Amino acid sequence: MKIFITKRIPQKGIDLLTAAGHEVEVHSSPEPLSETALIQACQRADFVLNGGMQKFDSHFFASCPNLRALSLMSVGYDNVDLSAATQYKVPVSNTPGVLSGATADLAFLLILAVSRKAFFHHKRILQGDWKGFDPTAHLGVELNNKTLGIYGLGRIGLELARKARAAYNMEIIYHNRGRNHEAERVLGARYVNFDDLLTQSDVLSIHAALTAETANRFNQDAFRRMKNTAILINTARGGLVHEKDLADALYSGLLWGAGLDVTNPEPMKSDNPLLQLENVCILPHIGSATVETRDNMALMAASNLLAAIKGQQMPQIINPEVYI
């Protein structure tokens, strides 16, 4: 079978596919494919593995009637029109679970970095601004016994909650569509409504999927209800946060700080004013960027394709109704 991979992925994933005897073509440039180039490449393939954030809309699926399966090397799938994929009988899979630990680690890193203004202080050294000791300047805040609120307490949120509870004895509250009984049993996590999540959290970490319902959920109205001492963390998708409203909230003192691994749009422009704030830490979407996690993601994405090639249901299927 012919397999097209939209971006170079860890070699373990490629090796798994070639060892099974399949022909693999890889788009090795760091630049994303244009819509036309993506369609042309996928028209030459039977199966596609998406290693980047290419978009797969209804026009794509209509233009690639040969496509038999699409495997995403990501947890998020907001870049795929699932209804169109299902309409054209294309099963779509993702890579949940394997990146939970790495992404939770990064969220924890951002919480610590924001709370101590770490990025800002590093810039001070680079700019030659470390002149001496001032006991009242640019102070951070401590996390011990504070309240961590989690919006979307799934696998990643649960891993973060474990770390925060163990390291800083943080109280855990969360808001989900449904209850997370494991978190309640193991960590004493408390389910709250969205308004209480906003008003009670000292740190609020976002771990939900980007959907029509969650897009821009964290906006001016939400920030006005949060504590002015609160820290907002987002390692999910940039579209959950209204970025201009966030900037306004930080400049006006509605929020104490923010840590972002995802932005809207991506990449963020280097002159974005958020990058200049001392109470903001921003990273370039590296939540899963460890050797171990990326290897496991590539292997899972490749395994999903191998199952599809064998005529089996993809293990991490997102649209199972395609098999009905």
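Owing to the predicted nature of the structure, the values given are computational and were not obtained by experimental measurement.
- In this structure, the side chain of K131 engages the main chain of G128 through a donor-acceptor pair within 3.5 Å.
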Salt bridge (charged side-chain N to carboxylate O under 4.0 Å, His left out) between R237 and E266, worked out: CA-CA 10 Å; R237 285 288 185 267; E266 291 184 2; over 6 Å; no
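- Between D46 and R68 no salt bridge is recorded (no basic side-chain N to carboxylate O distance below 4.0 Å).
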Derivation of the side-chain contact (heavy atoms from CB on, under 4.5 Å) call for N279 and L255: CA-CA 9 Å; N279 53 343; L255 290 181; over 6 Å; no
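- Under a 3.5 Å cut-off, the side chain of T214 and the backbone N or O of A209 do form a donor-acceptor pair.
- Atoms CG and CG, from L158 and L153 in turn, are 6.0 Å apart once rounded to the nearest 0.5 Å.
- For K12, the NZ atom sits in a loose shell: 12 or fewer heavy atoms of surrounding residues, nucleotides or ligands are nearer than 6.0 Å.
- Here the side chains of V141 and T229 are not in contact, with every heavy-atom distance at 4.5 Å or above.
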Intermediate values then yes/no, side-chain contact (heavy atoms from CB on, under 4.5 Å), F108 and Y168: CA-CA 11 Å; F108 197 67; Y168 292 107; 3.7 Å; yes
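- The line from CD of E321 to CD1 of I318 is 10.5 Å long, rounded to the nearest 0.5 Å.
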V186 and R162: CA distance, side-chain angles, deciding distance, side-chain contact (heavy atoms from CB on, under 4.5 Å) verdict: CA-CA 9 Å; V186 176; R162 291 182 194 274; 3.8 Å; yes
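- Ionic pairing of D105 and K163 is present here: one or more N-O contacts between side-chain nitrogen and carboxylate oxygen are shorter than 4.0 angstrom.
- By the rule that hydrophobic residues join a cluster once side-chain heavy atoms approach within less than 4.5 Å of another member, M300 and L49 end up as members of one cluster.
- Counting only heavy atoms from C-beta outward, the side chains of M1 and I309 approach each other to under 4.5 Å.
- Side-chain atoms of N272 never come within 3.5 Å of backbone atoms of M268 as a donor-acceptor pair (strictly under, hydrogens ignored).
- Residues T147 and V203 have side chains not in contact (no heavy-atom distance under 4.5 Å, counting atoms from C-beta outward).
- Centroid-to-centroid, the aromatic rings of F120 and H138 come within less than 6.0 Å.
- Rounded to the nearest 0.5 angstrom, N234 CG and S205 OG are separated by 8.0 Å.
- A side-chain hydrogen bond (donor to acceptor under 3.5 Å, both in side chains) with Q200 is found for one member of R190, E171, K227 and no other, namely R190.
- Linking ILVMFWY side-chain heavy atoms closer than 4.5 Å, directly or via other members, places W256 and L204 in two distinct hydrophobic clusters.
- Pairing each heavy atom of S58 with each of Y88, the nearest pair is O-CE1, 4.3 Å.
- Of the charged side-chain nitrogens involved, none lies within less than 4.0 Å of a carboxylate oxygen, so that E23 and R44 do not count as a salt-bridged pair.
- A pairwise comparison of heavy atoms in A161 and I150 identifies CB-CD1, 3.8 Å as the closest pair.
- Panel note: side chain E243, backbone N264; a donor-acceptor pair is recorded below 3.5 Å.
- Residues I317 and V92 are not in side-chain contact: their nearest non-hydrogen atoms beyond the backbone lie 4.5 Å or more apart.
- Looking only at side-chain heavy atoms (C-beta outward), I14 and I5 come within less than 4.5 Å of each other.
- Note that R225 lies outside the cation-pi zone of F194, set by a 6.0 Å cut-off to the ring centre and a 45° limit from the axis.
- When atom types are taken as modelled, the side chain of N304 and the backbone of Q316 share a donor-acceptor pair closer than 3.5 angstrom.
- At distances below 3.5 Å, at least one donor-acceptor pair connects side-chain atoms of T6 with backbone N or O atoms of G51.
- Tracing side-chain contacts under 4.5 Å through hydrophobic residues (I, L, V, M, F, W, Y), one never reaches Y251 starting from L254; they form parts of separate clusters.
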E184 vs Y174, side-chain hydrogen bond (donor to acceptor under 3.5 Å, both in side chains): CA-CA, chis, key distance, verdict: CA-CA 10 Å; E184 294 179 11; Y174 73 99; 2.5 Å; yes
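- Heavy atoms of other residues, nucleotides or ligands lying less than 6.0 angstrom from CZ of F119 number more than 12.
- Side chains of Q11 and D15: a donor on one and an acceptor on the other come within 3.5 Å.
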Steps toward side-chain contact (heavy atoms from CB on, under 4.5 Å) verdict (I39, T36): CA-CA 5 Å; I39 289 173; T36 299; 6.0 Å; no
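- Between the D81 side chain and the S83 main chain, a donor and an acceptor come within less than 3.5 Å of each other.
- Put simply, the side chain of S100 does not reach to within 4.5 Å of the side chain of V98, judged on heavy atoms.
- Tracing side-chain contacts under 4.5 Å through hydrophobic residues (I, L, V, M, F, W, Y), one never reaches L198 starting from I233; they form parts of separate clusters.
- Hydrophobic clustering (side-chain heavy atoms under 4.5 Å, transitive across Ile, Leu, Val, Met, Phe, Trp, Tyr) keeps L197 apart from I111.
- The number of heavy atoms from other shown groups lying within 6.0 Å of CD (E142) does not exceed 12.
- Across all non-hydrogen atoms, the minimal contact from A104 to E159 is CB-CB, 3.5 Å.
- Here the closest non-hydrogen pair linking S29 and K7 is O-NZ, 4.0 Å.
- A parallel orientation is assigned to the rings of Y151 and H175, their planes being inclined by less than 30° (bins at 30° and 60°).
- Taking both residues in full, the closest heavy atoms of G13 and A302 are given as O-CB, 3.6 Å, listed atom of the first, atom of the second, then distance.
- For R116, the CZ atom is loosely surrounded, since the number of other residues' heavy atoms within 6.0 Å does not exceed 12.
- Distance alone, capped at 3.5 Å, is enough to place a donor-acceptor pair between the D261 side chain and the G287 backbone.
- What you find for A298 and I9 is that their closest heavy atoms are CB-CD1, 4.1 Å.
- Side chain to side chain, T293 and T290 meet the donor-acceptor criterion of an N or O pair below 3.5 Å.
- Under a 3.5 Å cut-off, the side chain of N79 and the backbone N or O of K55 do not form any donor-acceptor pair.
- Counting heavy atoms from C-beta outward, S71 and V48 have side chains that stay 4.5 Å or more apart.
- Counting heavy atoms from C-beta on, the side chains of P91 and Y323 come closer than 4.5 Å.
- Residues D245 and N219 have side chains that never bring a donor and an acceptor to within less than 3.5 angstrom of each other.
- Atom CZ of F223 is separated from atom OG of S252 by 10.5 Å, given to the nearest 0.5 angstrom.
- Using a cut-off of 4.0 Å between Lys/Arg side-chain N and Asp/Glu carboxylate O, E25 and K2 are scored as not salt-bridged.
- Taken to the nearest 0.5 Å, the CD atom of E35 stands 5.5 Å off from the CG atom of D57.
- Atom-to-atom distance recorded for N169:CG and N145:CG is 5.0 Å, nearest 0.5 angstrom.
- H27 places a side-chain N or O within 3.5 Å of a backbone atom of E31 that can act as its donor or acceptor partner.
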